[in-house]
Amino acid sequence: MLNFSVPMHLATWNVNSLNIRLPQVTAWLQANPVDLLCLQELKLADDKFPAAAIEAAGYHAVCAGQKTYNGVAILSRTPGRDVTRNIPGYEDLQQRVIAATYDAPGGEIRVVSAYCPNGQAVGSQKYEYKLAWYRAFHAWLADQLLQYPRLAVLGDYNIAPEDRDVHDPAKWEGSVLVSEPEREAFRGLLNLGLADAFRLFEQPPRSFSWWDYRQLGFRRNAGLRIDHVLLSAPLARLCAECTIDKTPRGNEQPSDHAPVVAMLGLAA
DNA sequence: ATGGTCGATTGTCGA
């Protein structure tokens, strides 16, 4: 018996303003024709979403935007359905979550694009908001997993899960993006049965997805790995590769984040 | 040395 496998590429990229980064997004898609791209930090309202340019690039899109801050989208080769915006039941004016369902070989896949709160500083109000938001996110993902066994949650988690995800763990110890309560929140998602796709494979040491614009962060590789692809067990079993594409971080006028790409080998 | 750079906005905040 022959077993056919169809590759499906899923990606996530915090673009830090889709207005500024649109040409880089379409150029990246041309060079990396992924099946699905989750975007974060659009920083534009829904009526300003560049739908025509995205369609011209060959992608459908669903988005949950707002002026100035936050905003998420999912670009896809095939249209999404059953779109969910925000975390149901969690009152929040900040547009941080969008989810949709996609047809794929072997059955439908549920995809979440998330821009998790930054938290600003440990002990701040924004930090407390971050931890509360993560509790709501956790509960909702538990429910999503019951409805959708094939679940992929991609985005900017604003958490570096382990010290090997930090360029200078001593310097960062205990600070926001790295603190133990945040890492505990991240591990809580893994304990739902989600796998960090990047860590399913051997990876180059000092692999990061975000570098501060200041202090020549990228040139010094002074970064953090805070952008993640989490996969439910049925998808994790099919995951054959997960990589960070540092190329666009070297562009002129880059986003401070790099895209993360996961490849699934789906049964035809 | 407590800054530094971006983006959205036009003061200053958020990251």
Side-chain angles (χ1 to χ4, degrees), chain A residues 12-28 38-50 53-54 63-73 86 92-98 113-134 137 154-161 165-179 181-183 185-186 208-228 244-260:
Chain A
T12 182
W13 194 6
N14 178 324
V15 291
N16 186 17
S17 170
L18 186 55
N19 272 331
I20 293 286
R21 232 65 68 190
L22 178 60
Q24 292 185 45
V25 170
T26 53
W28 189 82
C38 295
L39 300 176
Q40 300 87 36
E41 281 208 90
L42 308 182
K43 296 187 173 181
L44 47 75
D46 286 348
D47 63 344
K48 303 278 199 251
F49 186 82
I54 297 300
C63 73
Q66 69 183 98
K67 191 175 144 107
T68 309
Y69 302 117
N70 308 309
V72 286
N86 294 312
D92 194 351
L93 295 174
Q94 304 184 28
Q95 302 298 306
R96 297 187 174 279
V97 170
I98 191 165
S113 176
Y115 175 50
C116 308
N118 173 283
Q120 194 172 55
V122 172
S124 68
Q125 281 198 336
K126 289 191 174 70
Y127 183 79
E128 294 308 318
Y129 163 73
K130 180 177 191 172
L131 295 180
W133 186 94
Y134 258 99
F137 192 48
L154 298 89
D156 176 1
Y157 287 75
N158 268 312
I159 297 174
D165 302 312
V166 180
H167 72 96
D168 185 345
K171 179 185 159 189
W172 278 83
E173 187 182 3
S175 60
V176 74
L177 312 185
V178 165
S179 75
E182 291 167 274
R183 286 178 167 177
F186 187 82
F208 309 121
S209 68
W210 169 84
W211 301 262
D212 201 305
Y213 284 123
R214 296 166 288 190
Q215 297 175 298
L216 303 172
F218 185 59
R219 215 161 80 176
R220 297 187 297 120
N221 196 29
L224 303 176
R225 192 177 70 90
I226 57 176
D227 301 271
H228 308 299
I244 298 169
D245 182 4
K246 290 171 71 168
T247 313
R249 187 61 179 78
N251 289 349
E252 293 246 355
Q253 210 174 15
S255 167
D256 44 354
H257 294 253
V260 183

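Small disclaimer: the values here were computed from a predicted structure and weren't measured.
- Rounded to whole Å, atom P of dG7(B) lies 13 Å from atom CG of Leu18(A).
- In this structure, the nucleotide among dG7(B), dG4(B), dG14(B) sitting nearest to the side chain of Gln215(A) is dG4(B).
- Phosphate contact (OP1/OP2 of dG7(B), side-chain N/O of Gln253(A), threshold under 4.0 Å): present.
- Ring planes of His228(A) and Tyr157(A): tilted class, angle from 30 to 60°.
- One can place CD1 of Ile159(A) at 15 Å from C1' of dA15(B), the figure rounded to the nearest angstrom.
- Arg214(A) has its CZ atom 9 Å from the P atom of dT5(B), to the nearest Å.
- dT10(B) and dT2(B): their P atoms are spaced 30 Å apart (whole Å).
- Here the P atom of nucleotide dA15(B) and the CD atom of Glu182(A) are 13 Å apart, to the nearest Å.
- dG7(B) atom P lies 17 Å from atom NZ of Lys67(A), rounded to whole Å.
- Whole-Å rounding puts the Asn118(A) CG to dG14(B) P distance at 11 Å.
- Glu182(A) meets the salt bridge (Lys or Arg N to Asp or Glu O under 4.0 Å) test with Lys130(A); sequence neighbours excluded.
- Checking side-chain atoms of Gln253(A) against main-chain N and O of Arg21(A) turns up no donor-acceptor pair under 3.5 Å.
- Side-chain atoms of Tyr213(A) come within 3.5 Å of backbone N or O of Asp256(A) as a donor-acceptor pair.
- The CD-C1' distance, from Gln120(A) to dT12(B), rounds to 13 Å in whole Å.
- Separation of the P atoms belonging to dG3(B) and dG7(B) is 22 Å when rounded to the nearest angstrom.
- Note: CD1 (Ile20(A)) to P (dT5(B)) measures 17 Å, nearest angstrom.
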